[in-house]
Novice: 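Quick one: the structure is below, questions incoming.
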Amino acid sequence: MTRFIDVPSLGQLVNRVGMPEFFRGMVATMRADFSRWEEFDKCARLASHSDVGVIELMPAADAQRYAFKYVNGHPGNGRHGLTTVMAFGALADVETGLPVLLSELTLTTAFRTAAASVLAAQELARPDSRVMGIIGCGAQSDFQAIAFHHLLGIEEVRVFDIDPRATAKLVNNLAAFPGLKVTPVKSAQAAASGVDILTTVTADKNFATVVTADMLSPGLHINSVGGDCPGKTELHVDVLHAGHIFVEYEPQTRVEGDIQQLPEDYPVTELAWVIDGTADGRLHDKDVTIFDSVGFALEDFSALSYVNQLASEHDIGEVVSLVPDLADPRDLFALCAPQSPLQQTAVA
């Protein structure tokens, strides 16, 4: 049997454990999985692009569990009353192939993306970071601000979006967190001015220049989240040259990340190597560090594993018959076989 987590069930799960603890547990699960990077069967996501968006499959597996996510990215979905990103996924037992969890991943992906940003910042940002700028106030911005506030000690966020309604939405949502000061500003430059961490979460599918080199300050950590497919960027190439670049899975980021603007041999460091101590992260307080985040399947593996664990502990979600439960595993036809005349008479 398979546990099914729909959107209300995921919301119930978050409320049961509390949002800070939910973030904390997801980051811890992700850190543990990144620490055993070599144990995973990894590949870049499989993408099907159109003029209006992209639909992707993202698989990852270790020796015990297999996970996949179906996810889209359609920047124009607001016109249809839909979110830009929608997703679902599954977690299966490798030994038998049995799907143990079928889950929504739209809301979970928002938590997972912010958790990955925090995980990188724990390794790369200055420990005394207290002020963050956010450029792009769409669906992901709330989660970034809340996660960095609770897990990294961010006390103030300076927020900007070209759409004032998006900024107002973010300010309104973050009012529920009185320990976090929210300062709306009038430009991307103002959002970057004087901050310790700069997070970019814009959605336009084009070669955009959201951050330029003149916006950098010594010691800045850039959390670049919005550039996540071919032809979609946020950072000017001079910004990339000015900092030390860290990525999730290099073969995927070379195609989808901001580093698609750089030569294929330009040096970058996979975050997993920093987490397990194989590679250096930040070396000096004045270094500029860049997390070129595109989202990787191992993060979804971690998120699904964490949701499955919590759902089992708190008995949340519905157990469904996603695959057959047969008295005779060889007799699949029994599930749809018509009754014989004798059986029909017996029933009557």
Side-chain angles (χ1 to χ4, degrees), residues 1-17 21-22 25-26 28-30 32-33 36 38-48 55-72 82-83 85-112 295-348:
M1 306 295 279
T2 306
R3 187 178 295 273
F4 174 57
I5 299 292
D6 60 6
V7 176
S9 297
L10 196 282
Q12 183 184 357
L13 197 58
V14 173
N15 290 329
R16 179 73 60 87
V17 302
E21 185 57 35
F22 190 81
M26 186 170 288
T29 303
M30 200 174 291
D33 287 339
R36 55 190 188 93
E38 288 302 316
E39 296 179 20
F40 284 89
D41 181 10
K42 302 178 288 291
C43 69
R45 56 183 152 211
L46 308 175
S48 178
I55 296 175
E56 301 165 333
L57 286 176
M58 302 174 64
D62 64 7
Q64 289 76 43
R65 289 283 193 258
Y66 171 93
F68 80 85
K69 179 169 78 174
Y70 164 100
V71 62
N72 78 300
L82 299 171
T83 60
V85 176
M86 296 176 285
F88 66 90
L91 185 69
D93 178 66
V94 166
E95 183 176 358
T96 63
L98 177 70
V100 297
L101 177 72
L102 176 65
S103 179
E104 79 81 38
L105 279 180
T106 309
L107 182 54
T108 302
T109 292
F111 280 102
R112 161 278 226 186
F296 183 54
L298 179 54
E299 296 158 359
D300 301 305
F301 179 101
S302 302
L304 286 164
S305 299
Y306 180 60
V307 167
N308 187 53
Q309 172 195 330
L310 284 184
S312 298
E313 290 176 359
H314 295 277
D315 194 24
I316 289 176
E318 181 184 358
V319 177
V320 297
S321 298
L322 185 64
V323 295
D325 184 13
L326 299 169
D328 180 355
R330 299 166 296 182
D331 190 9
L332 183 62
F333 186 73
L335 296 175
C336 59
Q339 291 183 327
S340 70
L342 289 177
Q343 290 172 319
Q344 294 172 356
T345 301
V347 171

Novice: Holding to side chain to side chain contact (heavy atoms under 4.5 Å, CB included), I want the full list of residues that pass it with Asp328, two or more places apart in sequence or in another chain.
Specialist: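 Partners of Asp328 by the side chain to side chain contact (heavy atoms under 4.5 Å, CB included) criterion, ordered by chain and then number, come out as Arg330, Asp331.
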Novice: Report the C-alpha distance between Glu56 and Ser48 in whole Å, list the side-chain angles of each, state the deciding distance to 0.1 Å, and finish with yes or no for side chain to side chain contact (heavy atoms under 4.5 Å, CB included).
Specialist: CA-CA 6 Å; Glu56 301 165 333; Ser48 178; over 6 Å; no
Novice: Run the ring pair (Phe, Tyr, Trp, His ring centres under 6.0 Å) test against Phe88 and tell me which residues pass, sequence neighbours left out.
Specialist: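 Applying ring pair (Phe, Tyr, Trp, His ring centres under 6.0 Å) to Phe88 gives Tyr70.
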Novice: Out of curiosity, Leu310 CG to Ser305 OG, how far, rounded to the nearest 0.5 Å?
Specialist: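 OG of Ser305 is found 11.0 Å from CG of Leu310.
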Novice: Quick check: closest heavy atoms across Pro59 and Cys43, and the distance to 0.1 Å?
Specialist: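 Looking at all heavy atoms of both residues, the shortest contact is CG-SG, 3.7 Å.
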Novice: Given side chains that start at C-beta, do those of Ile316 and Arg16 come closer than 4.5 Å, heavy atoms only?
Specialist: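 The answer is yes; the side chains approach within 4.5 Å.
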Novice: Can you name the nearest heavy-atom pair linking Ser321 to Met1, along with the distance?
Specialist: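 That would be OG-CE, 3.3 Å.
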Novice: Kindly say whether Phe296 contributes a backbone atom to a donor-acceptor pair with the side chain of Glu299 at under 3.5 angstrom?
Specialist: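 Side chain of Glu299 to backbone of Phe296: a pair is present.
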Novice: For Glu318, which residues count as a salt bridge (charged side-chain N to carboxylate O under 4.0 Å, His left out) partner, sequence neighbours excluded?
Specialist: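 Listed in chain order: nothing, the list is empty.
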Novice: Please name all residues satisfying side chain to side chain contact (heavy atoms under 4.5 Å, CB included) with Thr29, sequence neighbours left out, ordered by chain then number.
Specialist: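 Listed in chain order: Asp33, Ser302, Tyr306.
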Novice: For Asp315, enumerate each residue passing the salt bridge (charged side-chain N to carboxylate O under 4.0 Å, His left out) test, keeping only those at least two apart in sequence or located in another chain.
Specialist: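 So Asp315 forms a salt bridge (charged side-chain N to carboxylate O under 4.0 Å, His left out) with Arg3.
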Novice: Of all heavy-atom pairs between Lys42 and Glu38, which one has the smallest distance, and what is that distance?
Specialist: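 That would be NZ-CA, 4.4 Å.
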Novice: Applying salt bridge (charged side-chain N to carboxylate O under 4.0 Å, His left out), can you list everything that pairs with Glu21, at least two apart in sequence or on another chain?
Specialist: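 Expected list: Arg24.
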Novice: Donor-acceptor pair, Thr96 side chain versus Leu98 backbone, under 3.5 Å?
Specialist: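 Checking the backbone N and O of Leu98 against the side chain of Thr96, a donor-acceptor pair under 3.5 Å is found.
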Novice: Using 0.5 Å steps for rounding, measure from the CZ atom of Phe22 to the CZ atom of Phe111.
Specialist: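 One finds 5.5 Å between CZ of Phe22 and CZ of Phe111.
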Novice: Taking only residues at least two apart or on different chains, which pairs with a member in residues 310-331 satisfy ring-ring contact (aromatic ring centres under 6.0 Å, His included)?
Specialist: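 Pairs touching residues 310-331 that pass the test: none.
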Novice: Of all residues at least two apart in sequence or in a different chain, which pass the salt bridge (charged side-chain N to carboxylate O under 4.0 Å, His left out) check with Asp41?
Specialist: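 Asp41: no salt bridge (charged side-chain N to carboxylate O under 4.0 Å, His left out) contacts found.
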Novice: Taking side chain to side chain contact (heavy atoms under 4.5 Å, CB included) as the test, write out the residues that go with Pro329, two or more places apart.
Specialist: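 With neighbours one apart ignored, the set is empty.
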Novice: According to side chain to side chain donor-acceptor pair (under 3.5 Å), who are the partners of Gln12, at least two apart in sequence or on a separate chain?
Specialist: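 Not a single residue meets the side chain to side chain donor-acceptor pair (under 3.5 Å) criterion with Gln12.
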Novice: With a 3.5 Å distance limit and no angle check, can you tell me whether Thr2 reaches the backbone of Pro99 through a side-chain donor-acceptor pair?
Specialist: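 Yes, the answer is positive, given that a donor and an acceptor are paired below the 3.5 Å cut-off.
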Novice: Out of Thr108, Val100, Leu101, Leu102, which one pairs with Leu304 under the side-chain contact (heavy atoms from CB on, under 4.5 Å) rule?
Specialist: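 Between Leu304 and the candidates, side-chain contact (heavy atoms from CB on, under 4.5 Å) is satisfied uniquely by Leu101.
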Novice: Can you tell me how far CD1 of Ile5 sits from CG of Leu10, rounded to the nearest 0.5 angstrom?
Specialist: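 Here the rounded value is 7.0 Å.
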Novice: So how far is it from Arg45 CZ to Asp300 CG, rounded to the nearest 0.5 Å?
Specialist: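 Spacing of CZ (Arg45) from CG (Asp300) equals 8.5 Å.
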Novice: With heavy-atom distances below 4.5 Å as the criterion, would you say the side chains of Asn72 and Met86 are in contact?
Specialist: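 A side-chain contact exists here, since the closest heavy-atom pair is under 4.5 Å.
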Novice: Please list, chain by chain and in numerical order, all residues satisfying side chain to side chain contact (heavy atoms under 4.5 Å, CB included) with Ala87, sequence neighbours excluded.
Specialist: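 For Ala87, the residues satisfying side chain to side chain contact (heavy atoms under 4.5 Å, CB included) (neighbours in sequence not counted) are Lys69, Val71, Leu105, Thr106, Thr109.
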Novice: Taking only residues at least two apart or on different chains, which pairs with a member in residues 87-107 satisfy salt bridge (charged side-chain N to carboxylate O under 4.0 Å, His left out)?
Specialist: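 Of all non-adjacent pairs touching residues 87-107, those that pass salt bridge (charged side-chain N to carboxylate O under 4.0 Å, His left out) are Arg65-Asp93.
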Novice: Shortest non-hydrogen contact from Ala67 to Phe301?
Specialist: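 So the two residues come closest at CB-CD1, 3.8 Å.
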Novice: Taking side chain as C-beta onward, heavy atoms only, is Asp6 less than 4.5 Å from Ser9?
Specialist: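 Sidechains of Ser9 and Asp6: in contact.
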